[in-house]
There are 2 protein chains.
Amino acid sequence: MPKETFFNLRDIKRDRVVQAALEEFAKYPYERASLSTIVQNAGIAKGSMYQYFADKQDLYLYIIKRVYDSKRNYLQDVFAKDQDFFATLQRYYQRAYMFAVEYPLYHQIAINFWESKDDKLHQEIIDNKELRASDFTRMLIQAMEDGQVNPNLSKEAAFFVYHSVGKELIENFQGLSAEEAEKHLEFIRDVLDILAYGLGRKGEQSWVKN
Amino acid sequence: MPKETFFNLRDIKRDRVVQAALEEFAKYPYERASLSTIVQNAGIAKGSMYQYFADKQDLYLYIIKRVYDSKRNYLQDVFAKDQDFFATLQRYYQRAYMFAVEYPLYHQIAINFWESKDDKLHQEIIDNKELRASDFTRMLIQAMEDGQVNPNLSKEAAFFVYHSVGKELIENFQGLSAEEAEKHLEFIRDVLDILAYGLGRKGEQSWVKN
DNA sequence: TACAAATATGACCAACCAGTCACATTTATT
DNA sequence: AATAAATGTGACTGGTTGGTCATATTTGTA
């Protein structure tokens, strides 16, 4: 948590600090990111930073929180729109892609974060993954009951497949030229279709005789 | 490339240097790995290391080469045993898993390597990925002609799915207890089955009417 | 044994890092 | 205007890093 002093700052100055931190943590993972570089780009003295934050990790966690709050907010209306399992997944990943295009800095910071090896940070990543796993599993069970998904599949394996592909999908679009967006969204659809045909074929349900 | 001096070393000493480097690069990615730690664990002087290698990167690339040579050798007879596309993939990933269990240090170094952000190293990763992509695509096209795989699928998307899942599969098994090996191998089979049913159902070929 | 070539050494260097602190400056309160 | 509180500052500390180099030791050769 930042200190009170940080919140008392004038907006322009506070934004400069945040912006400089965003840029640095987007460029480098936590351990290699440099506080000296951040304060230099923010145009403040080294000591000032320690008036705002307890230490490097405090600053980092604040930035991470901003990023994930923003992403959660961006994705909030993706779920529960309808009950189509496959359509929901496609909305989710396409929207996650659009987030990456719209907020490239946030996107890069998130990538750097979940690749972090730092013990304390790593625990948060695992917690987060388990949280998403239970969300996904809930959706999956519902879809199995609805008859959208083959109910004989291993739930763990199904989550694993979607987690892997989703992670790589999001990570993959670093070149975020807006012109290619349509092509990228189509690619996401192609990839998810491959998974969908494996998880159950709508209308045909090819698994029933298995 | 190591200097001649390195190869002139007595086996015991050379192995000590290699072993210390392996342990350090397994523990930390390139940038955070410490030469000082390596020389200390190897029981040699700092200066000696620079008699053997030009610099840190020279040492690292030598270690990386060892790792990948070893892995390539370990996986060499996986392909071309038979023409069953899905069986070959399963052999590949199960064997890659066994490699990880058998050579945990090598395994960890490989993971750290392909997560590296260093420009020069990153290029090698991309090259490597493209090489595997063309290998995979060749197999895929063959399987499409054989009727094992739905020929209407996007080849890029198909590779992407296998690449993502394969990468995460290999990365995932860090707790490499030999007792759980059977369970892990079964999990790999479950995951690949999900993909297979999406790429085409053997015997049934559910895509033909699509 | 005498010389030369190869190899080993660790103190040392400059560059960087996160974090500190005595002090200067600005802002709020009386 | 005078005082107090809050905020800003950058030189400095102790640590780490990759890399160097003059010198010492070992090894090979004659």
Side-chain angles (χ1 to χ4, degrees), chain A residues 1-25 27-64 112 116-121, chain B residues 1-25 27-64 112 116-121:
Chain A
M1 280 283 291
K3 298 178 182 175
E4 207 191 313
T5 315
F6 178 69
F7 295 111
N8 294 341
L9 247 40
R10 279 204 253 280
D11 287 10
I12 315 110
K13 189 170 188 178
R14 195 173 49 236
D15 286 351
R16 253 181 22 231
V17 172
V18 169
Q19 185 62 24
L22 287 173
E23 283 167 10
E24 182 70 3
F25 288 127
K27 219 167 182 172
Y28 304 103
Y30 176 66
E31 293 92 350
R32 281 201 295 139
S34 161
L35 265 183
S36 308
T37 303
I38 294 175
V39 297
Q40 196 175 340
N41 290 341
I44 62 170
K46 189 81 157 285
S48 297
M49 191 58 103
Y50 286 86
Q51 306 267 30
Y52 310 148
F53 298 92
D55 51 24
K56 188 185 180 183
Q57 189 181 275
D58 191 25
L59 167 63
Y60 185 64
L61 290 179
Y62 171 72
I63 295 292
I64 290 294
N112 282 340
S116 170
K117 292 286 187 299
D118 182 286
D119 280 347
K120 182 163 183 187
L121 301 176
Chain B
M1 280 283 292
K3 299 179 183 176
E4 208 192 311
T5 315
F6 177 70
F7 295 111
N8 293 340
L9 247 40
R10 278 203 256 281
D11 288 9
I12 315 109
K13 189 170 188 177
R14 194 172 51 237
D15 287 351
R16 249 176 31 226
V17 172
V18 169
Q19 183 63 22
L22 287 173
E23 282 166 11
E24 183 70 4
F25 289 126
K27 221 167 182 173
Y28 304 102
Y30 175 67
E31 293 92 349
R32 281 203 295 141
S34 161
L35 263 184
S36 308
T37 303
I38 294 175
V39 297
Q40 195 174 340
N41 290 341
I44 63 171
K46 189 81 155 287
S48 296
M49 191 58 102
Y50 285 86
Q51 306 266 30
Y52 309 149
F53 298 92
D55 51 23
K56 188 186 180 183
Q57 189 181 274
D58 191 25
L59 166 62
Y60 185 64
L61 290 178
Y62 172 71
I63 294 292
I64 290 293
N112 283 340
S116 170
K117 291 286 185 301
D118 182 286
D119 280 346
K120 181 160 183 190
L121 301 176

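Heavy atoms only: backbone and side chains are in, while hydrogens, waters and symmetry mates are out.
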### Short side-chain to backbone donor-acceptor contact, A/Asn41 and A/Ala20, under 3.5 Å
no
Would a distance-only check, ignoring hydrogens and angles, find a side-chain to backbone donor-acceptor pair under 3.5 Å from B/Glu24 to B/Ser34? yes
With a 4.0 Å cut-off (strictly under) to non-hydrogen atoms of chain A, the first and last hit nts on DNA chain D, 5' to 3', are D/dT7 to D/dG10
Does B/Lys3 count as lying over the ring of B/Tyr50, i.e. NZ or CZ under 6.0 Å from the six-ring centre, within 45 degrees of the axis? no
Aromatic rings A/Tyr62 and A/Phe7: how do their planes relate, parallel, tilted or perpendicular, breaks at 30° and 60°? perpendicular
Readout for nucleotides 9-21 of chain C: B = base within 4.0 Å of protein heavy atom, S = sugar-phosphate only, - = neither; 5' to 3' it is BB------SBBBB
Practice problem: Assess whether atom CD of B/Gln40 is packed by more than 12 heavy atoms of other residues, nucleotides or ligands within 6.0 Å. | Solution: no
The reported gap from CD1 in B/Ile38 to CD1 in B/Ile44 (rounded to nearest 0.5 angstrom) is 9.0 Å
When rounded to whole Å, the NZ to C1' distance for the pair B/Lys3 and C/dA8 reads 13 Å
Original post:
Can a cation-pi geometry be assigned to B/Lys56 and B/Tyr30, taking NZ or CZ under 6.0 Å from the six-membered ring centre and within 45° of the ring axis?
Top reply: yes
From the list B/Phe53, B/Phe25, B/Tyr28, ring pair (Phe, Tyr, Trp, His ring centres under 6.0 Å) with B/Tyr60 holds only for B/Phe25
